[in-house]
Amino acid sequence: MLLDRLNWRYATKKMDPDKAVPDEKVDAILEATRLAPTSSGLQPFEVIVVTDPAVRAKLKDAAFDQAQLVDGSHVLIFAAWDNYTEERIDGVVNDTAAARGGLTEALTGYYDRLKGMYLSRPAEVNFEHAARQAYIGLGIALTAAAFEEVDSTPMEGFEADKFDEILGLRERGLRSVAILPLGYRDADGDWLNDQAKVRRATDKFITRVDADS
């Protein structure tokens, strides 16, 4: 079923503005994204969900006028931490301790070593690492949307600084890295709707290293 849904999905170019994604489907996509794996369980990104038409219109202007931002019913913005800090890492430690029966030497020792590596690095290096984790969440969100039969369009084509300003992200220590409009395809108006999915052949994409190779 999952492969069927992944074959069904495509980067929707024209969404039907009269069809809104139900809350329960959006919530399922967001919960799947929350459960995405990240390096050391840090979850160094947040997802901002925008439904306000006026705000989405501003975002559209900062996304080179791509219509999916207003024709879809929701826009998800994946915003990565701008840096790793002791406070942020300690928050993960405390959440882990609360979920697993308290602090242990193994837990605190692991994250103390992580702090030793991360906190001495330049902020931009840490942001780029956090952004890569956000893309894991983006991939899960795309897959969950397909599973829910919700159309989506992953985008990097937007002016991140303007998005950050519109949404007040820098004040929260966040920087936008990718966006994902959600909606339902306008089958008649989308030139890509009936096009064959194009991917490299398996033998050109997968390399197997076996014991007898």
Side-chain angles (χ1 to χ4, degrees), residues 2 6 25-51 55 59 62-63 74-148 150 152-182:
L2 178 58
L6 291 177
K25 287 185 177 287
V26 176
D27 289 344
I29 294 165
L30 293 172
E31 179 63 5
T33 307
R34 189 182 71 88
L35 294 173
T38 56
S39 179
S40 298
L42 290 172
Q43 289 185 287
F45 67 95
E46 296 182 18
V47 181
I48 291 79
V49 184
V50 182
T51 57
V55 176
L59 297 177
H74 299 71
V75 178
L76 309 187
I77 295 92
F78 290 76
W81 289 355
D82 60 359
N83 198 1
Y84 290 112
T85 65
E86 185 167 13
E87 181 181 13
R88 280 172 159 167
I89 295 175
D90 283 345
V92 175
V93 174
N94 293 334
D95 288 345
T96 303
R100 297 179 178 174
L103 291 172
T104 64
E105 289 186 9
L107 175 63
T108 57
Y110 177 84
Y111 283 101
D112 282 346
R113 290 190 293 274
L114 202 68
K115 290 178 191 175
M117 290 187 293
Y118 286 12
L119 300 187
S120 62
R121 299 190 308 200
E124 191 65 22
V125 171
N126 284 336
F127 164 70
E128 292 294 344
H129 182 267
R132 290 193 292 273
Q133 309 312 304
Y135 274 91
I136 297 173
L138 175 66
I140 294 291
L142 282 165
T143 303
F147 192 83
E148 294 290 336
V150 171
S152 63
T153 310
M155 294 180 177
E156 290 182 312
F158 66 97
E159 297 180 82
D161 288 344
K162 290 184 179 180
F163 267 59
D164 295 349
E165 180 180 355
I166 292 166
L167 299 171
L169 297 183
R170 294 298 179 99
E171 295 89 335
R172 298 174 54 197
L174 298 169
R175 293 168 60 182
S176 54
V177 296
I179 62 177
L180 187 68
L182 301 176

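Computed from a predicted model, the values in this text were never measured in an experiment. We count residues from 1, following the sequence as given. What you see below is based on every heavy atom in this structure, not just the backbone, and it leaves out hydrogens, waters and symmetry mates.
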Considering only heavy atoms from C-beta outward, does the side chain of Val47 approach that of Ile77 to under 4.5 Å? no
Before giving the answer on side-chain contact (heavy atoms from CB on, under 4.5 Å), spell out for Leu119 and Ile89 the whole-Å C-alpha distance, their side-chain angles and the decisive distance to 0.1 Å.
CA-CA 10 Å; Leu119 300 187; Ile89 295 175; 4.3 Å; yes
Is it the case that over 12 heavy atoms from other parts of the model lie below 6.0 angstrom from the CZ atom of Phe147?
no
Counting neighbours of CD on Glu87 that are heavy atoms of other residues, nucleotides or ligands and sit closer than 6.0 Å, is the number greater than 12? no
Heavy atoms of Ala32 and Ala144 approach each other most closely as CB-CB, 3.7 Å
Value for NE2 (His74) from CD1 (Ile29), rounded to nearest 0.5 Å, stands at 9.0 Å
In this structure, CD of Glu165 is separated from CD of Glu159 (nearest 0.5 Å) by 11.0 Å
Query raised in the report: Do the side chains of Thr104 and Thr108 get nearer than 4.5 Å, heavy atoms only?
Result: no
- Message: Do Leu169 and Arg175 make a side-chain contact, defined as non-hydrogen atoms from C-beta onward lying under 4.5 Å apart?
- Response: no
Taken to the nearest 0.5 Å, the spacing of Lys115 NZ from Asp112 CG works out to 5.0 Å
So CZ of Arg113 and CE of Met117: to nearest 0.5 Å the spacing works out to 8.5 Å
task = Compare all side-chain heavy atoms of Met155 with those of Leu180 and state whether any distance is below 4.5 angstrom.
result = no
Could you tell me if the side chain of Leu182 sits less than 4.5 Å from the side chain of Val75, heavy atoms only? no
Only residue of Val177, Ile48, Ile179 satisfying side-chain contact (heavy atoms from CB on, under 4.5 Å) with Phe163 is Ile179
Heavy atoms of Ala141 and Phe78 approach each other most closely as CB-CZ, 3.8 Å
When every non-hydrogen atom of Ser120 is compared with those of Gly116, the smallest separation belongs to OG-O, 3.4 Å
- Can you find a heavy atom in the side chain of Leu6 that is under 4.5 Å from one in the side chain of Leu142? no
Practice prompt. For the pair Arg172 and Asp82, find out whether any cationic side-chain nitrogen is under 4.0 Å from an anionic carboxylate oxygen.
Written response: no
task = Take atom CD of Glu128 as the centre, draw a 6.0 Å sphere, and report whether it contains more than 12 heavy atoms from other residues, nucleotides or ligands.
result = yes
Note, Tyr84 side chain near Pro44 side chain (heavy atom, < 4.5 Å):
yes
Ignoring hydrogens and angles, state whether a donor on the side chain of Tyr135 or Glu156 is under 3.5 Å from an acceptor on the partner side chain. yes
Checklist entry - Less than 4.5 Å apart, any side-chain heavy atom of Leu174 and any of Glu46? => result yes
The reported gap from CD in Gln43 to CG in Leu35 (rounded to nearest 0.5 angstrom) is 8.5 Å
So CG of Leu42 and CG of Leu114: to nearest 0.5 Å the spacing works out to 5.5 Å
Cation over ring face, Arg121 and Tyr118, 6.0 Å, 45°
yes
**Study point:** Residue Lys162 excluded, over 12 heavy atoms near NZ under 6.0 Å
**Key:** no
message: Within the 3.5 Å criterion, strictly below it, is a donor on Tyr110 or Ser40 matched to an acceptor on the partner's side chain?
response: yes
